[in-house]
Amino acid sequence: MRKEHLFGKKPDEIENIARELALPKYATRQLIDWIYKKKITSIDEMSNLSKQVREKLNERFDLGLLPPVKEEVSADGTKKYLFPTHNGKFVETAVIPEKERLTVCVSTQVGCKMGCLFCMTGKQGFHGNLTATEIINQIHSLPEKDKITNIVYMGMGEPFDNLQNVLESLEILTSGYGYAMSPRRITVSTIGIIPAIVRFMEESKCHLAISLHSPFEEERSKLMPVENVYSLTDMIKTIQEYDFTKQQRISFEYIMFKGVNDMPKHIKELTRLLNKIKCRINLIRFHPIPGSPLRPSDEASIELFKNSLNDKSILTTIRKSRGQDISAACGMLSTNKDLKI
């Protein structure tokens with residue numbers, strides 16, 4: 001019989017387990033501390049629990065932690081880890097060092113359903129959602145876990161297509177019983193699934209990043225099929241209902257494609273579209289992928305685009321490309337070769 005994983009469970013679930021096993025009341029707090037606060041790899045290391053209690057736990061549960069099975073290091077210091085999942089698949093996780101920051105880019109799905117024209121993950125198809133356990137495992141089981149300052153949900157998959165597990169993982173990361181991270185240090189990305197955006201805004205204080213890539217709906221639909229289901233117009237209306245002037249921040253991700261979305265008309269329409277939203281635009285260099293007709297904008301065009309938007313009072317920055325030589329940069333994550341299907 002497959003054992004349940006303790007890692008990824010919330011306090012009420014741990015309390016139910018303690019009750020079912022007839023453990024003393026204080027055992028709930030002990031278990032939570034062992035699971036999230038201490039560096040253990042097995043139930044047997046829970047030294048303040050009796051041997052009998054540990055045996056009871058071992059009969060039905062394990063921690064559910066899975067260490068990475070492969071590590072690649074980029075010339076720029078970026079690392080990419082290959083993590084196994086509990087159903088025999090794999091996901092990739094990027095670790096990006098920069099001065100006093102260490103950002104972890106986590107995955108939420110094996111592959112992706114969304115089929116964006118510019119993304120390697122989508123080209124491998126969809127092979128399953130990650131559980132909250134598997135999402136947080138990408139953080140907890142990293143060699144650098146004690147140095148992490150920021151987390152972005154921008155790896156493999158569409159986070160809002162796996163919203164329940166994403167929200168559960170965010171609760172554990174930001175709650176006092178878990179990792180007590182500030183929501184200001186966590187950003188979740190989406191291509192624009194409107195019902196999930198609404199729920200996320202109501203239930204989380206983490207930052208939101210929306211993949212935009214074109215301000216024109218017809219053009220966007222050719223890049224991102226989701227536009228045919230959740231329109232840009234409706235998404236912007238939804239975003240305008242929320243106050244982003246306080247703790248929570250919204251940014252728009254904009255990958256730049258030569259001759260597609262890098263022209264003056266795009267600057268003009270972006271200005272019109274976003275002028276009532278307090279936001280940031282992150283311009284991203286496109287990293288060519290096999291089978292895609294898209295090509296990256298040249299550096300001069302990207303710089304001009306940024307300066308023009310800033311001149312129109314829309315805060316715009318260019319995101320550094322990191323880890324391209326190990327296929328860890330934006331849009332390049334894929335475990336197609338590693339899948340056991």
Side-chain angles (χ1 to χ4, degrees), residues 76 96 98-99 101 103 105 116-119 150 152 154 184 187-192 194 197 207-227 230-246 248-289 292-324 329-332:
D76 64 24
I96 308 159
E98 186 173 8
K99 295 182 180 179
R101 292 164 59 105
T103 301
C105 179
C116 296
L117 190 60
F118 46 82
C119 181
N150 296 77
V152 293
M154 296 182 181
R184 297 185 183 191
T187 300
V188 183
S189 175
T190 178
I191 59 173
I194 294 174
I197 289 174
H207 296 319
L208 176 66
I210 293 180
S211 297
L212 187 57
H213 310 319
S214 174
F216 298 108
E217 291 185 346
E218 183 177 354
E219 189 174 87
R220 191 170 186 261
S221 68
K222 294 176 182 177
L223 296 169
M224 308 168 69
V226 71
E227 177 64 36
Y230 300 111
S231 74
L232 181 57
T233 299
D234 290 342
M235 183 176 65
I236 294 298
K237 285 180 181 177
T238 300
I239 294 302
Q240 287 174 335
E241 294 176 3
Y242 293 92
D243 180 8
F244 289 98
T245 61
K246 298 179 182 177
Q248 207 162 27
R249 186 179 68 226
I250 183 168
S251 58
F252 291 92
E253 311 295 297
Y254 197 93
I255 300 176
M256 297 200 65
F257 308 110
K258 185 177 181 63
V260 175
N261 66 349
D262 59 355
M263 292 172 273
K265 67 177 183 179
H266 296 95
I267 296 169
K268 183 178 179 180
E269 184 62 11
L270 281 169
T271 304
R272 185 198 69 79
L273 194 68
L274 303 179
N275 67 354
K276 294 182 180 179
I277 302 173
K278 183 176 175 59
C279 64
R280 172 196 297 264
I281 296 178
N282 292 316
L283 302 181
I284 302 170
R285 296 171 178 86
F286 175 56
H287 306 102
I289 60 174
S292 173
L294 299 167
R295 292 294 175 264
S297 300
D298 57 69
E299 291 300 311
S301 297
I302 296 174
E303 192 69 28
L304 178 62
F305 206 87
K306 180 197 78 170
N307 292 338
S308 298
L309 286 168
N310 279 319
D311 288 344
K312 296 180 182 298
S313 299
I314 296 182
L315 179 60
T316 305
T317 59
I318 301 172
R319 184 187 293 169
K320 291 182 180 179
S321 291
R322 302 292 302 272
Q324 188 173 355
C330 181
M332 300 182 78

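No hydrogens, no waters, no symmetry mates; every other heavy atom, side chains included, goes into these values.
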[X] side-chain N/O to [Y] backbone N/O, donor-acceptor pair under 3.5 Å:
X      : Y      : answer
Arg295 : Phe286 : no
His266 : Phe216 : no
Asp76  : Gly323 : yes
Arg220 : Leu212 : yes
Arg101 : Asn150 : no

Can you see which heavy atom on [X] is nearest to which on [Y], and at what distance?
X      : Y      : answer
Cys330 : Ile255 : SG-CD1, 4.2 Å
Thr317 : Arg280 : CG2-NH1, 3.2 Å
Ile250 : Ile277 : CG2-CG2, 4.1 Å
His213 : Asn261 : O-ND2, 2.7 Å
Leu309 : Thr316 : CB-OG1, 3.2 Å
Ile191 : Cys116 : CG2-SG, 4.4 Å

If we only count heavy atoms from C-beta on, is the [X] to [Y] side-chain gap below 4.5 Å?
X      : Y      : value
Tyr254 : Leu270 : yes
Thr190 : Leu208 : yes
Leu223 : Leu294 : yes

Mind checking the [atom1]-[atom2] spacing from [X] to [Y]? Nearest 0.5 Å is all I need.
X      : Y      : atom1 : atom2 : value
Ile194 : Ile239 : CD1   : CD1   : 8.5 Å
Glu219 : Met224 : CD    : CE    : 12.0 Å
Met256 : Ser301 : CE    : OG    : 6.5 Å
Ser211 : Met154 : OG    : CE    : 7.5 Å
Ser251 : Arg319 : OG    : CZ    : 7.5 Å

- Step by step, would you call Glu217 with Thr233 a side-chain hydrogen bond (donor to acceptor under 3.5 Å, both in side chains)? CA-CA 8 Å; Glu217 291 185 346; Thr233 299; 2.5 Å; yes
- Using the test salt bridge (charged side-chain N to carboxylate O under 4.0 Å, His left out), find all partners of Lys312 that sit at least two apart in sequence or belong to another chain. none
- Please list, chain by chain and in numerical order, all residues satisfying salt bridge (charged side-chain N to carboxylate O under 4.0 Å, His left out) with Glu218, sequence neighbours excluded. none
- Kindly indicate, with the supporting measurements, whether the criterion side chain to side chain contact (heavy atoms under 4.5 Å, CB included) is fulfilled by Asn310 and Leu315. CA-CA 5 Å; Asn310 279 319; Leu315 179 60; 4.2 Å; yes
- Verdict with reasoning, Ile267 to Leu304, per side chain to side chain contact (heavy atoms under 4.5 Å, CB included): CA-CA 10 Å; Ile267 296 169; Leu304 178 62; 5.7 Å; no
- Task: Determine, using ring centers only, whether Phe257 and Phe118 are less than 6.0 Å apart.
- Result: yes
- Message: Set out, in order, the CA-CA distance, both residues' side-chain angles and the distance that settles side chain to side chain contact (heavy atoms under 4.5 Å, CB included) for Lys306 and Glu303, then state yes or no.
- Response: CA-CA 5 Å; Lys306 180 197 78 170; Glu303 192 69 28; 3.0 Å; yes
- side chain to side chain contact (heavy atoms under 4.5 Å, CB included) assessment of Ile318 paired with Arg285: CA-CA 8 Å; Ile318 301 172; Arg285 296 171 178 86; 3.4 Å; yes
- Between Lys222 and Glu227, does a salt bridge (Lys or Arg N to Asp or Glu O under 4.0 Å) hold up when you go through it step by step? CA-CA 8 Å; Lys222 294 176 182 177; Glu227 177 64 36; over 6 Å; no
- Task: Check side chain to side chain donor-acceptor pair (under 3.5 Å) between Ser231 and all other residues, then give those that pass, not counting sequence neighbours.
- Result: Asp234
